[in-house]
Amino acid sequence: MSSNLGITSRETNYSEWYNELVLKADLADHSAVRGCMVIKPHGYALWELMQRALDDMFKATGHVNAYFPLFIPRSFMEKEAEHVEGFAKECAVVTHHRLKANPNGPGLIPDPDAKLEEELIVRPTSETVIWNTYSKWIQSYRDLPLLINQWANVVRWEMRTRLFLRTSEFLWQEGHTAHETYEEAEEEALTILNECYARFCEEWMATPVLKGIKSKNEQFPGADHTYCIEALTQDLRVIQAGTSHHLGQNFAKAFDTKFVDRDNTLKYVYATSWGVSTRLVGTLIMVHSDDKGFVCPPKLAPFQVVIVPMGRDEETRAKTVGASEEFAAQLKAKGIRVKVDKREKESPGFKYNYWELRGVPVRIELGPRDLDSGALPISRRDTGEKTTVALAEVVAHCEMLMTDIQSALLARATAFRDANTKRVDTWAEFEAAFSGEGGAGFVVAHWDGTPETEELIAEKTKATIRCIPLEPLLPSDNEPGVCILTGKPSARRVVFGKAY
RNA sequence: CGGGAUGUGGCUCAGUUUGGUAGAGCGCUGCGUUCGGGACGCAGAGGUCGUGAGUUCGAAUCUCGCCAUCCCGACCA
């Protein structure tokens with residue numbers, strides 16, 4: 001019994017299940033630095049696949065990549081009032097540029113003679129450095145639109161962290177665009193939301209998302225308004241998977257970014273910014289995985305197929321390993337990422353559990369009996385179903401499983417989401433829905449539209465408005481009603497949930 | 001920053017009450033036997049018991065300080 005492959009069940013303790021899964025599936029590890037994680041090769045391979053898919057989408061919608069510095073002068077952070085308020089309390093600050101031997105004891109101390117004239121902030125997000133730069137680049141309407149993305153790390157000094165879901169340092173992409181008009185910026189923010197983020201979640205992560213707009217309380221500090229995609233986890237909490245902000249002219253004004261328009265008048269540009277992070281990895285885990293470990297959609301799986309050759313004696317082993325390599329080559333030729341697990345010490349049963357824990361979508365068992373009988377047992381990770389497939393059909397079968405598992409996962413997650421979306425019309429029902437420890441799914445209810453009511457509801461139930469859907473989930477959601485708490489008029493239903 | 005808990009081989013923990021010079025399981029290394037759902041035997045390696053001071057003939061164990069981590073709250077992609 002190897003204790004290294006078992007994890008706590010979701011039912012026993014969901015949060016422990018998640019933590020153990022991340023560690024034991026070799027996705028990430030805790031680091032020596034509080035709140036930061038080490039992304040292990042298996043987890044990083046997954047992130048790279050996500051990056052590639054998203055990057056292609058950004059390029060396809062006309063964006064280019066660039067890189068801006070990690071450090072931001074303190075004075076830049078002070079320029080946009082709401083932005084300051086939103087981020088100031090979680091900034092890491094660089095104050096010195098040199099260490100020296102401690103004159104009063106062992107070790108090193110920051111050299112008092114090397115104190116920075118102006119402190120540098122480790123970016124919590126890059127709007128300020130980028131807008132400082134853009135103001136130099138943008139002179140004319142001919143310079144617009146400016147459509148730039150960067151892949152970077154950022155630091156937000158979080159009080160409580162969890163691997164992938166919230167770490168003090170995380171990896172992400174941040175797009176920053178400049179436009180002539182409000183409408184153009186609006187279109188940009190929505191294009192990213194619809195054409196990139198929501199599509200990525202559904203087509204690659206097999207994760208249905210709710211597209212919406214954030215309430216004023218929840219929007220990005222410095223934004224005119226914020227769009228978001230929200231997903232539902234298996235413990236019925238709501239997780240924000242990505243955001244796209246229309247920044248209006250707030251940053252243009254703060255950084256004095258003006259352009260000469262076609263009519264020869266000086267105008268402030270309109271801006272957007274948008275981002276998704278390594279939190280997507282956490283989201284992916286929470287949406288699909290089970291008590292045996294990670295369940296990964298084929299399109300994002302670092303290994304899509306694992307082949308386990310059997311046999312102990314030299315002769316048998318040479319035969320099964322040889323045949324495995326042959327199948328692997330054929331699968332690779334079809335663009336499938338394959339692993340042949342040739343380890344000799346581990347038993348086949350151990351390997352099954354090992355790869356199931358790590359989320360490989362398809363497993364092929366290859367032993368002497370199979371070669372004799374001319375068919376291989378092939379198992380799918382999502383359902384556990386095992387079928388026997390004729391040797392000649394193996395490659396085609398694997399190809400079929402790639403698309404089949406991908407769509408089955410989306411269908412399953414969508415059914416789960418739908419089954420856990422409910423409409424509530426009275427305060428008693430609302431309170432009851434959120435009375436338990438965990439989440440309550442998407443709770444669709446009327447709200448009078450005021451921040452005060454939103455805060456009051458959050459105080460009483462811990463539930464917050466996750467978003468105001470862009471399109472009603474049901475047509476009737478857009479009919480007027482009365483607020484769940486105050487009884488005041490409400491134009492439409494909004495989505496409540498317990499947030500991650 | 002409040003409230004609670006915990007620090008002992010790589011990991012999970014026992015030993016602390018009643019002080020006597022460090023243990024188990026898993027993992028790791030080697031050899032042999034095994035291989036179709038978490039294999040087994042034998043032989044090994046590996047620990048200044050978080051840290052500093054104190055009490056004592058003697059401290060993982062008792063006392064005080066410090067540090068770190070985890071859980072619960074306030075903050076958050």
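Each chain gets a letter, A, B and so on, in the order the sequences are listed, and its residues count up from 1.
With 3.5 Å as the limit, one finds a donor-acceptor pair spanning the side chains of A:Thr226 and A:His245. A donor and an acceptor atom, one from each side chain of A:Asp235 and A:Tyr500, are located under 3.5 Å apart. For the 3.5 Å distance criterion, the side chains of A:Ser379 and A:Arg381 fail to qualify, holding no donor opposite an acceptor. A donor-acceptor pair shorter than 3.5 Å cannot be found between the side chains of A:Tyr270 and A:Glu186.
Nearest nucleotide to the A:Glu158 side chain, out of B:A77, B:C35, B:U69: B:A77. Among B:C75, B:G36, B:G37, the nucleotide with an atom closest to any side-chain atom of A:Pro368 is B:G36. The side chain of A:Arg279 lies closest to B:A77, out of B:G37, B:G36, B:A77.
Of the nucleotides present, none pairs with B:U16 by Watson-Crick or G-U wobble criteria with both distances under 3.5 Å. Under the Watson-Crick and G-U wobble criteria, each requiring two contacts below 3.5 Å, nucleotide B:C70 is paired to B:G4. Of all nucleotides present, only B:U29 satisfies the Watson-Crick or G-U wobble test against B:A43, with each distance under 3.5 Å. B:C75: no Watson-Crick or G-U partner with both key distances under 3.5 Å is found in any strand. B:U51 and B:G65 make up a base pair, with Watson-Crick or G-U wobble contacts both under 3.5 Å.
Contact check on A:Glu230 versus A:Lys214 returns a salt bridge, with a Lys/Arg side-chain nitrogen under 4.0 Å from an Asp/Glu carboxylate oxygen. Looking at A:Asp26 and A:Lys40, a side-chain N of the basic residue comes within less than 4.0 Å of a carboxylate O on the acidic one, giving a salt bridge.
To the nearest angstrom, P of B:A77 lies 9 Å from CZ of A:Phe220. Between A:Glu346 atom CD and B:G27 atom P the separation is 10 Å, expressed in whole Å. To the nearest angstrom, C1' of B:C11 lies 9 Å from NZ of A:Lys24. One interatomic measurement links the two molecules: CE of A:Met159 to P of B:A77, which rounds to 15 Å at whole-angstrom precision. Taking atom CD of residue A:Glu218 and atom P of nucleotide B:C75, one finds them 11 Å apart after rounding to whole Å. Between the CZ atom of A:Arg343 and the P atom of B:A39 there is a distance of 12 Å, rounded to whole Å. In this structure, the CD atom of A:Glu315 is 16 Å from the C1' atom of B:C35, given to the nearest Å.
In this model, a side-chain donor or acceptor of A:Glu356 finds a partner on the base of B:G37 within 3.5 Å.
Going from the P atom of B:C13 to that of B:U6 covers 12 Å, rounded to whole Å. Taking atom P on both nucleotides, B:U29 is separated from B:U17 by 38 Å, rounded to a whole Å. For B:U33 and B:U51, the P atoms lie 45 Å apart once the distance is rounded to whole Å. Separating the C1' atom of B:U8 from that of B:U61 is a span of 11 Å, rounded to the nearest Å. For the C1' atoms, the distance from B:G9 to B:A14 is 14 Å, rounded to whole Å. Using P as the reference atom, B:A45 and B:A24 are 13 Å apart when rounded to the nearest Å. To the nearest whole angstrom, the two C1' atoms, one in B:G2 and one in B:G47, are 36 Å apart. For the C1' atoms, the distance from B:G30 to B:C71 is 42 Å, rounded to whole Å.
Within the 4.0 angstrom heavy-atom criterion, base atoms lie near A:Phe170. Nucleic acid contact class of A:Lys214 (heavy atoms, under 4.0 Å, all strands): none. A:Thr167 comes within contact range of at least one nucleobase, with a heavy-atom separation under 4.0 Å. At the heavy-atom level, A:Ile239 lies nowhere under 4.0 Å from the strands shown. Within the nucleic acid shown, A:Gly367 comes within 4.0 Å of at least one base atom, counting heavy atoms only. Within the 4.0 angstrom heavy-atom criterion, only backbone atoms of the sugar-phosphate kind lie near A:Arg34; the bases stay farther away. Using a 4.0 Å heavy-atom cutoff across all strands shown, A:Arg363 reaches at least one base atom of the nucleic acid.
A:Ser347 has a side-chain polar atom (N or O) that falls below the 4.0 Å cut-off from OP1 or OP2 of B:A39.
Applying the side chain to side chain contact (heavy atoms under 4.5 Å, CB included) test between A:Asn65 and each of A:Gln173, A:Lys59, A:Gln150 identifies A:Lys59 as the sole match.
For B:A39, the base is not stacked against the aromatic ring of A:Phe350, per a cut-off of 5.5 Å between centres and 30° between planes.
Between the side chain of A:Glu454 and the main chain of A:Trp447, no donor-acceptor pair closer than 3.5 Å is present.
Each of A:Glu365 and A:Lys462 has a nearest nucleotide on RNA chain B; the 5'-most of these lies closest to A:Glu365.
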